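The structure appears right after this line, and notes come after that.
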Amino acid sequence: MVTAKPKTIPLAEVFGPTIQGEGALAGRSTYFVRLGGCDYTCVWCDSSHAVLPMFVSTLPRLTQEEIYEKLLDLPMGPEWLTISGGNPALFDLTELVSFWQKGSASKVAVETQGSRWADWLGRVDLLTVSPKPPSSGLDAQTSIHNLDDFMSKLMDSAYRKVKPLGPKQAVLKVVVFDDEDFEYARKVHAAYPEFDFYLSVGTAMGGLAGNYIPPAIGLETFLDKFAPARTAASANGTPTVASPATSHGTTVTWTQRGLSDNDRSLLDRYRWLADKVKGDISFNDVAVLPQLHVLLWGHTKGV
Ligand code: SF4
């Protein structure tokens, strides 16, 4: 009798313990598995090694059991395992999820862009659905169409036979770079109000084509747009960027705070997004977050 070989999956990274930077688990300790392969190609994607075919084709291919064994080699700590990509929904990960959940306090979180439903997603403890906004390069109509199909399957009773995924087990998250993305996020939140909703500030670094600057605008315009408090160079030639005035009227600079350009850019844009959210009644029940992992470690892989 010929026994079928177990299917293998391209593995980009296994690491941890680390801190989840975004969404419902932001700030919590987790292990991380990043799989290779994605059905989208967002221009600002910070995981080109897990998306571009030229890189994915060079990744090692492992069975789910082998991936689980790699996790067991990591230092003990977090209860959560986060599976991301690429798009992990392209694979059947039933075994990996069940291996991990057999532990006494072992929970599985999955991040996907909501383009393709897979039944095993109904077994996870937290599913973060992160549809891509217009700045990704994907047209909003396609993104919403794919999301609607995904969400209808998520909520369909036929899929709930596996395990009901209630609104607290599935959450929505949208990365926002600009006003158009913000309006896209509004539509998504209005369509699925029962799901907890997270807005995440997009980061300027990374991108499938190198460091990402939004199309058609240069770095100066980008900083002016997302760092409106930027000031002229200081007398000694070191770029000095003013932070917002504090509530008691004094102004300090990002440079004085010892922050790098990357930190400053992220925080300026976090403030930009927070200012938009706090005055908008249709976002009065959402969480707006920076990308904590970028603030902590920049775009370093494997942390
Ligand atoms: S951002 Fe996510 S959905 Fe977009 S290309 Fe990268 S991994 Fe794929």
Side-chain angles (χ1 to χ4, degrees), residues 9-15 18 20-26 30 32-59 82-91 93 109-118 121 124 126-151 154 170-178 180-181 184-185 188 198-215 266 269 289-294 298-303:
I9 295 165
L11 178 67
E13 295 173 89
V14 173
F15 60 92
T18 187
Q20 173 59 267
E22 298 178 75
L25 298 180
T30 182
F32 218 90
V33 167
R34 186 184 304 286
L35 304 177
C38 193
D39 45 336
Y40 284 180
T41 47
C42 307
V43 293
W44 35 247
C45 177
D46 60 4
S47 305
S48 55
H49 60 298
V51 171
L52 295 177
M54 61 190 278
F55 297 134
V56 174
S57 63
T58 66
L59 294 175
T82 302
I83 305 175
S84 186
N87 183 5
L90 300 183
F91 308 99
L93 300 180
V110 169
E111 299 181 353
T112 178
Q113 70 264 40
S115 58
R116 297 191 196 186
W117 176 257
L121 294 173
V124 306
L126 180 71
L127 178 62
T128 300
V129 186
S130 183
K132 299 309 169 199
S135 66
S136 69
L138 182 71
D139 75 89
Q141 218 178 340
T142 305
S143 178
I144 295 275
H145 171 81
N146 292 347
L147 177 70
D148 286 344
D149 184 58
F150 184 96
M151 294 302 282
L154 185 153
V171 301
L172 284 155
K173 182 187 76 177
V174 173
V175 175
V176 173
F177 277 87
D178 56 24
E180 206 181 343
D181 291 353
Y184 170 90
V188 172
Y198 294 83
L199 288 170
S200 205
V201 182
T203 57
M205 305 301 286
L208 291 184
N211 291 347
Y212 173 72
I213 306 288
L266 178 58
R269 279 177 293 114
L289 294 171
Q291 294 183 320
L292 294 178
H293 56 295
V294 178
H299 284 282
T300 311
K301 276 198 324 180
V303 289

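Numbering of ligands and ligand atoms starts at 1, following listing order. Computed over heavy atoms, backbone and side chain alike; hydrogens, waters and symmetry mates excluded. Positions are given from 1 along the sequence. Owing to the predicted nature of the structure, the values given are computational and were not obtained by experimental measurement.
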Run the contact test for Ser47 against ligand 1 with a 4.0 Å cut-off on heavy atoms, strictly below, and give the result. no
Under 4.0 Å, counting heavy atoms only: does Asn87 come that close to any atom of ligand 1?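 Contact absent.
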Which of parallel (below 30°), tilted (30 to 60°) and perpendicular (above 60°) describes Trp117 and Phe150?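 Perpendicular.
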Which of the numbered atoms in ligand 1 are under 4.0 angstrom from any heavy atom belonging to Lys132?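 Listed by number with element: 2 (Fe), 3 (S).
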Please identify which atoms of ligand 1 are closer than 4.0 Å to at least one heavy atom of Cys45. 1 (S), 5 (S), 6 (Fe), 7 (S)
Between Asp178 and Ser135, is the side-chain hydrogen bond (donor to acceptor under 3.5 Å, both in side chains) condition met? List the steps. CA-CA 8 Å; Asp178 56 24; Ser135 66; 5.1 Å; no
Relative to ligand 1, is Cys38 under 4.0 angstrom through side chain, backbone, both or neither, heavy atoms considered?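 Looking at Cys38 and ligand 1, just side chain atoms fall under 4.0 Å.
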Do Gln113 and Asn146 pass the side-chain hydrogen bond (donor to acceptor under 3.5 Å, both in side chains) test, and can you show the C-alpha distance, the side-chain angles, and the key distance before you say yes or no? CA-CA 9 Å; Gln113 70 264 40; Asn146 292 347; over 6 Å; no
As an exercise, state the distance from OG1 of Thr82 to CG of Leu126, rounded to the nearest 0.5 Å.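 Between Thr82 OG1 and Leu126 CG, I get 8.5 Å after rounding to 0.5 Å.
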With sequence neighbours left out, write down each residue that passes side chain to side chain donor-acceptor pair (under 3.5 Å) with Thr128, or none if nothing qualifies.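 So Thr128 forms no side chain to side chain donor-acceptor pair (under 3.5 Å) with any residue.
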